[in-house]
Amino acid sequence: MRIKKKGLALWLALFLGVSSLSGCGGGDDGMTQLSEKGAEILNSTEEDSDTDVEPLKQKTKLPEDGIITQAQMETIAGKDEKYYFTGKTDSGISYKWTYNGSQIQNPVEQKLLVQCSEDGTEEVKKLANDAPYALKVTLEKMNLAAPAKLTLNLKEKWDADKVLYCLEEDGKLYQLDNAKITVRETGKKKTERTTLTFNVTKTGGDFYLIGGSTTGETEDESADKAKDSADNKDIESNEKSAGSSGGKSGTDGNTGSGQDDSSGDGADYDGTSGDDSSDIAMTCTFSIECSTILNNWDDLKESKAEFVPADGWILYPSEVEFYEGETVFDVLKRVCNQAGIQMESEWTPMYNSYYVSGINNLYEFDCGKDSGWMYCVNGWYPNYGCSKYTLEDGDTVEWRYTCNLGRDVGDQYYD
């Protein structure tokens with residue numbers, strides 16, 4: 001396994017001028033590593049299951065109140081399928097929530113009602129350097145059962161090549177995600193309208209989609225230029241091929257690298273199909289930090305002061321290799337072992353998961369009665385143990401020490 005140190009600079013949106021907010025995407029959906037408090041939360045949400053609940057289908061139209069009950073969520077928990085929940089705002093914008101059942105380990109009630117409006121967006125546009133587009137998205141307060149994607153089908157087309165999903169606080173915008181932009185055609189006249197898809201890791205309140213062009217051109221102008229460029233390249237390519245090898249791109253007539261393609265499917269000489277996909281290394285970004293202790297120094301046990309780095313970083317964000325099926329806990333153990341970082345854990349049968357009690361000799365309650373370790377994946381604080389969270393390629397994992405039940409690192413599960 002290799003660990004490559006990455007830079008810590010925050011990404012700034014090109015012309016929108018929107019800052020990233022560390023931890024702000026954590027949202028309302030995690031369970032800290034605090035064993036006693038975690039037990040209180042889990043016990044408080046345990047309800048008698050309704051054995052007569054009809055299992056959710058892969059696509060479900062939301063009820064008027066937008067609520068999917070805990071018992072309903074239990075019917076899809078742990079299943080390796082995607083589930084979709086659809087609805088429509090009062091303003092006529094249709095929307096769709098997407099959940100991966102395999103990431104639902106601790107089902108809780110989901111409040112999926114969405115409202116959209118342009119109220120207050122003029123001020124938000126100004127904060128984003130006079131961005132031409134903005135839409136307010138209002139989400140109900142809930143603890144997310146899993147990281148979710150939200151898709152909005154707008155009723156108009158945005159000529160934008162970048163749309164950011166943001167939170168506004170005290171006159172500042174903080175980026176939570178980069179929305180995926182697609183354009184669809186609707187109606188007999190095939191009117192073009194924009195569809196936006198983004199990750200939701202925080203709920204409860206107003207959020208904003210802010211769009212604009214980073215090139216100063218409209219989307220149509222950019223497309224025309226791209227088409228002209230492509231046409232020119234085709235002309236150049238045809239001219240060159242006409243005076244070369246009769247259009248063949250390789251000496252054997254293949255269009256690829258010129259390698260022998262006799263095996264058909266790229267099999268090895270002995271007929272095997274090459275590397276087993278389960279042996280292919282993937283990467284995630286991994287970090288460990290305890291900067292909140294620096295702001296609560298008076299609460300820290302005197303004997304633990306020597307274990308707190310001056311800048312709070314125990315492991316800077318680093319690129320780490322892992323393999324299919326490995327969990328956050330698996331990688332944490334390996335990273336700590338290779339970096340010489342002390343780590344202690346214990347198996348908790350009640351939750352069928354490992355509980356990380358200490359990292360770098362810093363333990364739960366070492367900096368106050370509400371302190372301990374939490375983990376965050378792609379901005380979401382999972383509401384289940386780290387040995388139950390299976391990693392995916394490109395994930396960003398943050399281990400963070402909290403001194404206030406997660407509120408100081410962006411999680412609001414206990415509010």
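Just so you know, these numbers come straight off a predicted model, no measurement behind them. Because only heavy atoms are used, hydrogens play no part in the values below, and waters and symmetry mates are left out as well, while side chains stay in. Positions are given from 1 along the sequence.
Considering CD of E192 and NZ of K189, their distance stands at 14.5 Å, rounded to 0.5 Å. Taking CE from M142 and CG from L112, the interatomic distance works out to 5.0 Å, rounded to the nearest 0.5 Å.
For D366 (side chain) and Y363 (main-chain N/O), a donor-acceptor pair under 3.5 Å exists by modelled atom type. Between the S91 side chain and the C116 main chain, a donor and an acceptor come within less than 3.5 Å of each other. For the pair E109 (side chain) and I68 (backbone), a donor-acceptor distance under 3.5 Å is absent. Here the side chain of W373 pairs a donor or acceptor atom with the backbone of L362 at under 3.5 angstrom. In this structure, the side chain of E74 does not engage the main chain of P107 through any donor-acceptor pair within 3.5 Å. The closest donor-acceptor contact from the side chain of Q110 to the backbone of V108 lies under 3.5 Å. A distance-only check finds no donor-acceptor pair linking the side chain of T348 to the backbone of Y354 [under 3.5 Å]. In terms of modelled atom types and a separation under 3.5 Å, the side chain of D65 and the main chain of I67 share a donor-acceptor contact. For T285 (side chain) and T396 (main-chain N/O), no donor-acceptor pair under 3.5 Å exists by modelled atom type. In this structure, the side chain of Q105 engages the main chain of S102 through a donor-acceptor pair within 3.5 Å.
Heavy atoms only, all atoms of each residue included: S117 and L135 are closest at O-CD1, 3.5 Å. Minimum heavy-atom separation, V377 to Y389: CG1-OH, 3.4 Å. In terms of heavy-atom proximity, Y165 sits nearest to L139 at OH-CD1, 3.5 Å. Closest of all the heavy-atom pairs between D161 and I181 is C-CD1, 3.7 Å. In this structure, V114 and Y95 approach most closely via the heavy-atom pair N-OH, 3.3 Å. K162 and N178 make their closest contact through NZ-ND2, 3.5 Å (heavy atoms, listed as atom of the first residue, atom of the second, distance).
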Open item on the list: Run D311 and Y316 through side-chain hydrogen bond (donor to acceptor under 3.5 Å, both in side chains) and show every step you take.
Closed with: CA-CA 10 Å; D311 61 358; Y316 286 99; 2.2 Å; yes

- [ ] Walk me through it: do Y381 and E398 pass the test side-chain hydrogen bond (donor to acceptor under 3.5 Å, both in side chains)?
- [x] CA-CA 9 Å; Y381 287 87; E398 302 168 86; 6.0 Å; no

TODO: For side-chain contact (heavy atoms from CB on, under 4.5 Å), just list the numbers for M73 and I104, CA-CA rounded to whole Å, side-chain angles, deciding distance to a tenth of an Å, and then say yes or no.
DONE: CA-CA 8 Å; M73 292 299 291; I104 302 172; 3.6 Å; yes

TODO: Let me see the working for K59 and K96 under side-chain contact (heavy atoms from CB on, under 4.5 Å), right down to the final yes or no.
DONE: CA-CA 10 Å; K59 187 173 182 180; K96 176 180 69 178; 5.8 Å; no

Open item on the list: K333 vs M343, test: side-chain contact (heavy atoms from CB on, under 4.5 Å). Steps then yes/no.
Closed with: CA-CA 7 Å; K333 282 198 305 180; M343 191 272 284; 3.2 Å; yes

TODO: Could you please spell out the steps behind the side-chain contact (heavy atoms from CB on, under 4.5 Å) verdict for D411 and M374?
DONE: CA-CA 9 Å; D411 180 39; M374 301 177 64; 3.2 Å; yes

- [ ] Tell me, with the steps shown, if Y84 and T60 meet side-chain hydrogen bond (donor to acceptor under 3.5 Å, both in side chains).
- [x] CA-CA 6 Å; Y84 307 96; T60 300; over 6 Å; no

Open item on the list: Apply side-chain hydrogen bond (donor to acceptor under 3.5 Å, both in side chains) to residues N100 and K82 and explain how you reach the verdict.
Closed with: CA-CA 5 Å; N100 189 330; K82 287 187 176 179; over 6 Å; no

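In this structure, the side chains of T195 and T151 come closer than 4.5 Å at one or more pairs of heavy atoms. Taking 4.5 Å as the limit, every side-chain heavy atom of W399 sits out of range of all side-chain heavy atoms of S287. Here the side chains of N153 and R184 are in contact, with some heavy-atom distance below 4.5 Å. Side-chain contact check for Y133 versus V163: every heavy-atom pair is 4.5 Å or farther apart. At least one side-chain heavy atom of P309 sits less than 4.5 Å from a side-chain heavy atom of C290. Taking the side chain as every heavy atom from C-beta outward, F198 and L152 approach each other to under 4.5 Å. Put simply, the side chain of T201 does not reach to within 4.5 Å of the side chain of N378, judged on heavy atoms. A heavy-atom distance below 4.5 Å is found between the side chains of V137 and L209.
By the neighbour-count criterion of 12 heavy atoms within 6.0 Å, atom CG of D80 is sparsely surrounded, having that number or fewer from other residues, nucleotides or ligands.
Between K172 and E169, no side-chain nitrogen of the basic residue sits less than 4.0 Å from a carboxylate oxygen of the acidic one, so the salt-bridge criterion is not met. Salt bridge annotation for R193-E185: absent, with no cationic side-chain nitrogen under 4.0 angstrom from a carboxylate oxygen.
Between the side chains of E168 and Y174, not a single donor N or O lies within less than 3.5 Å of an accepting N or O. With 3.5 Å as the limit, one finds no donor-acceptor pair spanning the side chains of T390 and T327.
When the side chain to side chain donor-acceptor pair (under 3.5 Å) test is applied to E118, no partner is found at least two apart in sequence or on another chain. When the ring pair (Phe, Tyr, Trp, His ring centres under 6.0 Å) test is applied to F85, the partners found at least two apart in sequence or on another chain are Y99.
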